[in-house]
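By convention here, the first residue in the shown sequence is residue 1.
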Amino acid sequence: MSFLSNNTRPLPSTQTSTKATPPRLVEGAPETSVTSSPRVREARLDLLESISSFAMKHDLDVTSANLAAICNALSGANAPLAEAFTMREISGDPVDQRWLDSVVRLDPDTNDRLKELDKLMDQLEYSLIRFGQTARSAADETSDQRGALGAQINAMDQANGSPADVSRVIDLSRTILENIQRVESAMVKSQAETESLRENLAKARMEADVDHLTRLPNRRAFERRLASETKRAHSNDVPLCVAFCDVDHFKAVNDTHGHEAGDRILCAVASTLNSVASEDCFVARHGGEEFVLMFYGLQKGAAFEKFDGVRRAMALKQLMNRETGKPFGKVTFSGGIALVNDFEDPRAALAAADEALYDAKQTGRNKIVAAD
């Protein structure tokens, strides 16, 4: 079954008619726009038509993230993503925004980029440490040399009846001493600046791990914690569970009350989830209206009960729009949970928890579903 041929449909005639006419060139555009072959231009127009048809067919929002994902799949630039689209089409399940967000979010390429960022920051910190050590070593060495040279100058200066050449040596030595002092001062300044850079880097790394809206750890922090907790769970032979939750009907909240009100809803949900956070329960915002949790040392049943207790607590709250005085109504979330120990790869456990979350959404919302 060909994914590209079965996931597109013709656009209205007002759009397909542009296919035969290349777009008008803008004055000053690069010469390559003029010299591109007709086949290349036609291929580009075909891809653009396929992307727009796919978005319209599945009623997907026209966002940069959506267009990038669709383009990568339809063009074959991302083979795993194209395969995921194909399998979804074959299964007959809906290709909706919820599913597309999940596929993009669990894309291993994204996790590789996060790891690469961590690696670069580690290298930068290591370089700053080495530079600081070099600066300290150079400062100590110049200090020793300055002390020895100063002692020799004083001895020569105190000698009675010094000849002219000795005076010149003394003057030259004083100049060298002044240069050494300037170098030493520069080294001390560089050392202080290096320490300041290290402190700023540490603050930046901490800030890079925090979601600025909810102040919860973000996805980057979660990915690193997942790796360490998985290793710890395997080493100690204890259970580890992962769970996703997603605010129900969040788009309707945004559409009705506005995005600022939606942000306050997210903060309220984050606060409720954070109430169970501890050394063995990690809570993070994974993106959008979705949050992720890890339960260390709890079997799936116990983790399920704890997770469901948070869900019930959230559903009991009565939230109101402070600007309009109108109630938001009952704000709930749905969730899915999986036991990492049941899978060879923690990413497979994430996918299972995400699929369980999707089942919770499809079967009524405001509930938690455990992955098989």
task = Tell me whether the centres of the aromatic rings in Phe85 and Phe54 are closer together than 6.0 Å.
result =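 Ring-ring flag for Phe85/Phe54: true, centres closer than 6.0 Å.
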
A side-chain contact here means heavy atoms from C-beta on lying under 4.5 Å apart; do [X] and [Y] qualify?
X: Val310; Y: Thr272; value: yes
X: Lys306; Y: Cys281; value: yes
X: Cys267; Y: Leu213; value: yes
X: Asp280; Y: Met294; value: no
X: Asp354; Y: Glu290; value: yes
X: Pro327; Y: Leu319; value: no

request  = List the steps and the verdict of side-chain contact (heavy atoms from CB on, under 4.5 Å) for Thr256 and His249.
outcome  = CA-CA 11 Å; Thr256 304; His249 303 296; over 6 Å; no

Distance, nearest 0.5 Å, that separates [atom1] of [X] from [atom2] of [Y]:
X: Arg41; Y: Asp46; atom1: CZ; atom2: CG; value: 13.0 Å
X: Leu273; Y: Ser275; atom1: CG; atom2: OG; value: 7.0 Å
X: Asp209; Y: Arg219; atom1: CG; atom2: CZ; value: 13.5 Å
X: Glu355; Y: Asp359; atom1: CD; atom2: CG; value: 5.5 Å
X: Leu216; Y: His286; atom1: CG; atom2: NE2; value: 13.0 Å
X: Ile70; Y: Leu81; atom1: CD1; atom2: CG; value: 9.5 Å

Starting from [Y], can I reach [X] by hopping between I/L/V/M/F/W/Y residues whose side chains sit under 4.5 Å apart?
X: Val283; Y: Met314; result: yes
X: Val340; Y: Leu350; result: yes
X: Phe295; Y: Phe244; result: no
X: Leu298; Y: Ile368; result: yes
X: Val331; Y: Phe250; result: yes

Would the distance check show the side chain of [X] and the main-chain N or O of [Y] forming a donor-acceptor pair, the cut-off being under 3.5 Å?
X: Asn274; Y: Ala270; result: no
X: Asn341; Y: Leu240; result: yes
X: Thr86; Y: Ala82; result: yes
X: Ser52; Y: Glu49; result: yes
X: Arg285; Y: Gly288; result: yes

key: For Asp248, all residues meeting side chain to side chain donor-acceptor pair (under 3.5 Å), sequence neighbours excluded   =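 Side chain to side chain donor-acceptor pair (under 3.5 Å) check on Asp248 returns Thr332, Ser334, Lys361.
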
task = Go through the structure and list residues passing side chain to side chain donor-acceptor pair (under 3.5 Å) with Arg365, not counting sequence neighbours.
result =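 Arg365 satisfies side chain to side chain donor-acceptor pair (under 3.5 Å) with no other residue.
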
Parallel, tilted or perpendicular: which describes the rings of [X] and [Y], with under 30° parallel and over 60° perpendicular?
X: Phe328; Y: His257; answer: perpendicular
X: Phe307; Y: Phe333; answer: parallel
X: Phe282; Y: Phe222; answer: parallel

key: Verdict with supporting geometry, Leu67 and Ile51, side-chain contact (heavy atoms from CB on, under 4.5 Å)   = CA-CA 7 Å; Leu67 293 178; Ile51 293 171; 3.8 Å; yes

[X] to [Y] - nearest heavy-atom pair and separation:
X: Val247; Y: Phe291; value: CG2-CE1, 4.4 Å
X: Asp96; Y: Tyr358; value: OD2-OH, 3.6 Å
X: Ile337; Y: Ala356; value: N-CB, 4.2 Å
X: Ala360; Y: Gly335; value: CB-O, 3.6 Å
X: Leu100; Y: Leu60; value: CD2-CD1, 4.0 Å
X: Ala353; Y: Ala243; value: CB-CA, 4.5 Å

Any side-chain donor near an acceptor of the partner, Asp211 and Thr214, under 3.5 Å =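 Present: a donor and an acceptor within the cut-off.
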
query = In terms of side-chain heavy atoms, does Thr363 have a donor or acceptor partner in Lys367 at a distance below 3.5 Å?
reply =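 Yes - a donor-acceptor pair under 3.5 Å links their side chains.
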
query = Can you check side-chain contact (heavy atoms from CB on, under 4.5 Å) on His212 and Asn218, steps first, answer last?
reply = CA-CA 9 Å; His212 295 289; Asn218 58 17; over 6 Å; no

request  = Just do the salt bridge (Lys or Arg N to Asp or Glu O under 4.0 Å) check on Arg347 and Glu223 with the steps written out, would you?
outcome  = CA-CA 10 Å; Arg347 308 221 67 78; Glu223 292 291 344; 3.0 Å; yes

ask   = Between Arg39 and Glu42, does at least one N-O distance fall below 4.0 Å, as a salt bridge requires?
value =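 Not counted as a salt bridge, because no side-chain N and carboxylate O are separated by less than 4.0 Å.
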
I'd like to know whether [atom1] of [X] has more than 12 heavy-atom contacts from other residues, nucleotides or ligands below 6.0 angstrom.
X: Lys317; atom1: NZ; answer: yes
X: Asp345; atom1: CG; answer: yes
X: Gln362; atom1: CD; answer: yes

query = Is there any side chain to side chain donor-acceptor pair (under 3.5 Å) pair reaching into residues 291-304, and which pairs are they, with sequence neighbours excluded?
reply =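 The answer is Asn236-Tyr296.
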
